[in-house]
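Remarks on the structure that follows.
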Amino acid sequence: MGKNYNSTRSRKIQAQPKEAVIKGLAADGGLFVFDDIDQIKLPLDDMMKMDYKQMAETVLSALLFDFSDAEVKRCVAQAYDGQFDSEEITPVVFSGDDAICELFHGPTSAFKDVGLRMLPQLMSVSLKQKQDAKVMILTATSGDTGKAALAGFQDVDNVGITVFYPDNGVSEIQRLQMVTQQGKNTNVVAIKGNFDDAQSGVKRIFHDEVFKNRFKQDNIIFSSANSINIGRLIPQVVYYFYSYKRLVEEKRIAFGDKVDFCVPTGNFGNVLAGYYAKLMGLPVHRFIVAANANNVLYDFLKTGIYNRNRPFHKTISPSMDILISSNLERLLYYASDKDANYVASLMDELNSYGKYQVKTSVLTNIQSMFSVGFASDEECTAAIQKKYQQDGYVLDPHSACGYAVMEKEKDAEHACVLMATASPYKFCSAVYEALFGKADDNEFKVMEQLEQRTNTAAPKNLKGLQDLEILHRDVIEIGEMKACVEAKTKRLFR
Ligand SMILES: *Cc1c(COP(=O)(O)O)cnc(C)c1O
């Protein structure tokens with residue numbers, strides 16, 4: 001019978017978990033999904049006694065079925081031991097009436113660490129079954145993903161990573177985080193263009209068969225660290241179970257009660273992981289999807305029409321400034337009762353026209369599990385002020401977006417957990433200005449002032465940045481990306 005993952009766009013394209021981790025994307029451009037995920041029933045009762053890492057082992061073993069128990073255990077240890085500044089990995093803070101799951105205690109102070117600490121470990125184990133195979137990870141970043149991917153892949157055997165970021169297009173803190181990255185297999189390159197140029201350049205390389213074939217004979221393949229990779233998605237399922245356990249422990253709910261989760265959303269990866277937890281038996285009433293002014297998901301969840309032909313807004317929550325939510329494709333797959341042909345036709349429309357509309361049955365199905373709201377920059381700023389004045393808790397702009405939407409959407413019947421996705425110190429100027437007015441131009445000065453005025457502490461990894469040596473200085477034209485990848489790949493692997 002054989003369990004397999006398959007593409008969202010064709011049941012015929014199948015892969016075992018290890019193969020799916022290495023590939024990232026299916027050959028037809030679809031995303032890898034596991035049909036029988038709703039048949040997995042995790043031992044919820046037992047999990048209430050587990051710590052985070054034991055829960056992670058339980059979830060990973062269930063979904064990565066060609067990994068041995070020993071492999072899973074080693075991956076979890078290497079991903080999380082000593083890497084997070086909280087023993088709990090994702091501690092749940094009870095502040096006033098709110099339950100806030102803090103996902104930002106990893107090495108780069110944003111939630112992407114939870115997935116990107118794990119993906120490299122899984123990839124490294126997966127590569128062992130392919131004799132001598134080597135992988136070069138290519139990633140374009142608008143800020144958070146780049147650093148988290150670099151930190152995750154640093155010095156992982158047989159893997160190299162090259163990150164492209166827009167010159168002058170990321171915050172000074174984000175830039176310093178990247179250009180001070182250590183590791184003999186890491187490359188960081190600024191391009192003279194914006195994020196879309198970087199992203200398109202990387203995609204062109206992925207689709208250039210002639211270019212890729214030149215490396216195939218040396219067993220070198222190119223892959224990505226995007227949130228479409230199951231190796232990044234699956235680790236995020238864990239903190240939904242962990243949050244639930246903490247609510248039970250704190251007696252905010254009784255075991256078995258259904259809860260809500262409010263999730264600040266861009267690429268739909270985080271909230272999709274929550275949906276996976278629900279499919280695997282976690283008692284969830286619904287997910288509250290929070291968007292910023294780039295409210296393409298809001299319109300979709302209200303009307304069933306996904307339309308990315310709209311102005312792009314730069315907001316104070318830049319990691320949610322996204323018009324194509326890649327992981328939504330997986331939800332469409334499950335909500336259409338695993339109809340791969342239907343998903344393929346929607347994605348064709350998206351490619352050709354930038355829009356599609358789902359049929360009523362699919363929309364109704366989705367709306368029964370997901371509600372949605374969005375918040376403008378002004379509303380996010382007001383949310384930062386309100387939560388601080390009320391409870392002394394400092395939210396970052398992304399989490400504040402979630403908070404603003406949660407306040408509008410939550411009901412009295414269900415406990416709700418807010419997923420907090422970044423440390424306020426990663427976006428300290430916006431936070432400082434929300435609370436105290438005009439911020440200094442020097443972000444490190446603002447960091448110190450925010451510490452003093454709110455009596456909270458900045459994460460060590462951010463504070464120490466200004467003293468680190470700059471190790472990456474490349475700045476290139478968009479047209480030079482391919483040659484750059486070629487040179488870096490050869491230098492590393494030959
Ligand atoms: C990436 C990111 C998000 C959006 O998460 P998705 O999984 O893309 O929906 C939200 N907040 C922060 C701080 C992020 O870095």
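First listed ligand is number 1; within each ligand, the first listed atom is number 1.
In this structure, the ring of Phe370 has its center less than 6.0 angstrom from the ring center of Tyr275.
The side-chain tip of Arg453 points at the ring of Phe436 from less than 6.0 angstrom away and within 45° of straight on. For the pair Lys18 and Phe67, the cation-pi criterion (under 6.0 Å, within 45° of the ring axis) is fulfilled.
Closest heavy-atom contact between Pro318 and Phe427: CG-CE2, 3.8 Å.
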Under 3.5 Å: N or O atoms of ligand 1 paired with protein N or O:
from: ligand 1; atom 1: 7 (O); to: Gly269; atom 2: N; distance (Å): 3.2
from: ligand 1; atom 1: 7 (O); to: Asn270; atom 2: N; distance (Å): 2.9
from: ligand 1; atom 1: 8 (O); to: Asn267; atom 2: N; distance (Å): 2.7
from: ligand 1; atom 1: 9 (O); to: Gly266; atom 2: N; distance (Å): 2.8
from: ligand 1; atom 1: 9 (O); to: Asn267; atom 2: N; distance (Å): 3.2
from: ligand 1; atom 1: 9 (O); to: Phe268; atom 2: N; distance (Å): 3.1
from: ligand 1; atom 1: 11 (N); to: Thr421; atom 2: OG1; distance (Å): 2.8
from: ligand 1; atom 1: 15 (O); to: Lys112; atom 2: NZ; distance (Å): 2.5
from: ligand 1; atom 1: 15 (O); to: Asp144; atom 2: OD2; distance (Å): 2.9

Exercise for review: Could you check Arg232 against Met118 for side-chain contact (heavy atoms from CB on, under 4.5 Å), going step by step and ending with a plain yes or no?
Suggested key: CA-CA 7 Å; Arg232 196 173 146 183; Met118 183 63 76; over 6 Å; no
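Asn270 and Tyr240 form a side-chain donor-acceptor contact under 3.5 Å, judged by distance and modelled atom types alone.
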